[in-house]
Amino acid sequence: MVMEKRVLVVIALSFALLLGLAQSFDFLEKDLETEDSLWNLYERWRSHHTVSRDITEKQKRFNVFKENVKYIHEFNKLDHPYKLKLNNFADMTNHEFRSTYAGSKVGHHAMLRGPKRTTGGFLYENFEKVPASIDWRAKGAVNPVKNQGQCGSCWAFSTVVGVEAINQIRTKKLVSLSEQELVDCSKGENEGCNGGLMDYAYEFVKTNGGLTTEENYPYTAKDGFCDASKTNVLPVVTIDGHQDVPANNEAALLKAVANQPVTVSIEASGKAFQFYSEGVFSGPCGTELDHGVAIVGYGTTADGTKYWIVRNSWGAKWGEQGYIRMQRGIPAKEGLCGIAMEAVYPIKYSSEHASLKDEL
């Protein structure tokens, strides 16, 4: 029986490796030598990522692609702790990328928010049993990576990760919930594809009586009208509120992530972030928050580099199958890319966890 389990693990790991290789797109020095070889590389890239371009736009896109290839090539020759690759954003300028995928204006919304409306307190303040590492994916609390598409709805995807995870932790049931319900129905303070805040979204989930399933209210990557015929359909997943992690405090953030995935805001608009492939991301980046993501774990590399495991919403072709490892424990109190500035998590009690605060 033990041997059978080992064989299954090896098969699973081999499949994961093959999947990763199938999703990668590599190039050689010779591909950069001439205009023709670069054009052939562009055509192969388009075929690999199934990118369709109008004939009148192809030359413009090819010129952008060439600059990005050279940037990635020169970057990867240096001694960085992470690598870049020609992902599906490779013929977009950084301005286009920022506007489409990191244009949620999280910092802008936070500035206009006023006093935060949370459940109050910090549930994990006295939690001392912090493990050296944790991965909530391995614990079955995280669904497969999703893709927000060309809609500034990262705040909705980040919120859904938090709700799905705390529901699984409390009930042992992992349900895929609807981001589109948040985009369509959490309106007013949130602005659908034009950005929003996870705080507002969590508040909506509580006052709305929960979120419906993704299957019942599927994602369209565009703004729509709130469909009451879908939101009133069970099953829904409820929460009892939300709390903020003390700002600019990675030690507090570590305590929270040790207990559940936590939604955070970061600056994700840099060119290195755009083409991140693998390794521990160490910047450069600032603290102009423009993207909502979720921390689903943390760990330390063999050489002692501490990192957060961050789930993105740009699909599984980006980064490490949709994830990025971001360096933690840096001197700046805000954390890398501002990751410790706006951390928030949902609260869910259940009958068997009624005395949860006393257990921590």
Side-chain angles (χ1 to χ4, degrees), residues 101-120 142-143 146-149 151-168 175-214 216-228 230-231 236-245 247 256 260-266 268 289-296 310-313 339 341-348:
Y101 294 96
S104 295
K105 302 181 287 291
V106 175
H108 171 75
H109 286 281
M111 183 176 63
L112 298 177
R113 171 180 50 203
K116 293 184 179 182
R117 303 189 296 271
T118 70
T119 307
V142 184
N143 272 310
K146 301 178 183 181
N147 194 337
Q148 69 186 69
C151 167
S153 55
C154 59
W155 58 273
F157 282 80
S158 179
T159 299
V160 163
V161 175
V163 177
E164 289 173 344
I166 195 61
N167 182 67
Q168 192 279 335
V175 182
S176 184
L177 300 176
S178 174
E179 292 85 8
Q180 193 65 41
E181 181 179 359
L182 288 174
V183 171
D184 290 352
C185 305
S186 178
K187 291 289 181 66
E189 293 166 322
N190 286 326
E191 299 180 19
C193 286
N194 290 315
L197 290 178
M198 288 79 83
D199 300 75
Y200 294 151
Y202 283 131
E203 187 174 349
F204 169 83
V205 175
K206 179 185 177 182
T207 58
N208 186 58
L211 273 181
T212 191
T213 63
E214 181 183 23
N216 179 54
Y217 204 144
Y219 187 64
T220 64
K222 59 184 179 181
D223 289 311
F225 294 103
C226 188
D227 191 338
K230 294 178 179 178
T231 62
V236 292
V237 170
T238 62
I239 61 173
D240 296 303
H242 69 280
Q243 290 181 335
D244 292 312
V245 177
Q260 65 182 98
V262 174
T263 55
V264 294
S265 300
I266 59 174
L289 307 179
D290 53 26
H291 190 51
V293 291
I295 302 177
V296 300
V310 178
R311 184 184 190 268
N312 205 348
S313 53
I339 198 169
M341 293 173 66
E342 291 278 344
V344 58
Y345 57 91
I347 297 173
K348 183 180 179 70

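In what follows, every heavy atom counts, from backbone to side chain, and hydrogens, waters and symmetry copies are set aside.
- Atoms OG and OH, on S176 and Y219 in that order, are 13.0 Å from each other to the nearest 0.5 Å.
- Scanning all heavy atoms of the two residues, the minimum distance from C193 to D223 falls at N-OD1, 2.9 Å.
- If you run side-chain contact (heavy atoms from CB on, under 4.5 Å) between M198 and each of S265, P346, C154, only S265 comes through.
- Put simply, the side chain of N194 never gets that close to the backbone of G152: no donor and acceptor are under 3.5 Å apart.
- Atom OG of S153 is separated from atom CD of E191 by 13.5 Å, given to the nearest 0.5 angstrom.
- To the nearest 0.5 Å, atom NE2 of residue H242 and atom CZ of residue F204 are 14.0 Å apart.
- One N or O on the side chain of K348 and one on the backbone of T238 form a donor-acceptor pair closer than 3.5 Å.
- Considering only residues two or more places apart in sequence or on other chains, N216 meets the side-chain contact (heavy atoms from CB on, under 4.5 Å) condition with T212, T213, K230, V233.
- Y217 places no side-chain N or O within 3.5 Å of a backbone atom of T231 that could act as its donor or acceptor partner.
- In this structure, Y101 and H291 have side chains that are not in contact, with every pair of non-hydrogen atoms separated by 4.5 Å or more.
- Note: L289 CG to E342 CD = 6.5 Å, rounded to the nearest 0.5 Å.
- Remark: V160 engages K146, E164, L177, E179, L182, L211 in a side-chain contact (heavy atoms from CB on, under 4.5 Å) (not counting sequence neighbours).
- Between V262 and A256 the shortest heavy-atom distance is CG2-CB, 3.7 Å.
- The minimum heavy-atom distance linking G292 with S158 is given by the pair C-CB, 3.8 Å.
- In terms of heavy-atom proximity, A268 sits nearest to D290 at N-OD1, 2.8 Å.
- Looking at residues two or more places apart in sequence or on another chain, you find a side chain to side chain donor-acceptor pair (under 3.5 Å) between Q180 and D184, T220.
- Contact record, G196 with W155: N-CD1, 3.2 Å, taken as the closest heavy-atom pair.
- Remark: side-chain polar atoms of N190 are not paired, donor with acceptor, to backbone N or O of G192 under 3.5 angstrom.
- For the residue pair E214 / N143, no side-chain donor-acceptor distance below 3.5 Å is found, with atom types taken as modelled.
- With rounding to the nearest 0.5 Å, the separation of CD in E189 from CG in L197 is 8.5 Å.
- The closest donor-acceptor contact from the side chain of Y202 to the backbone of I239 lies at 3.5 Å or more, if one exists at all.
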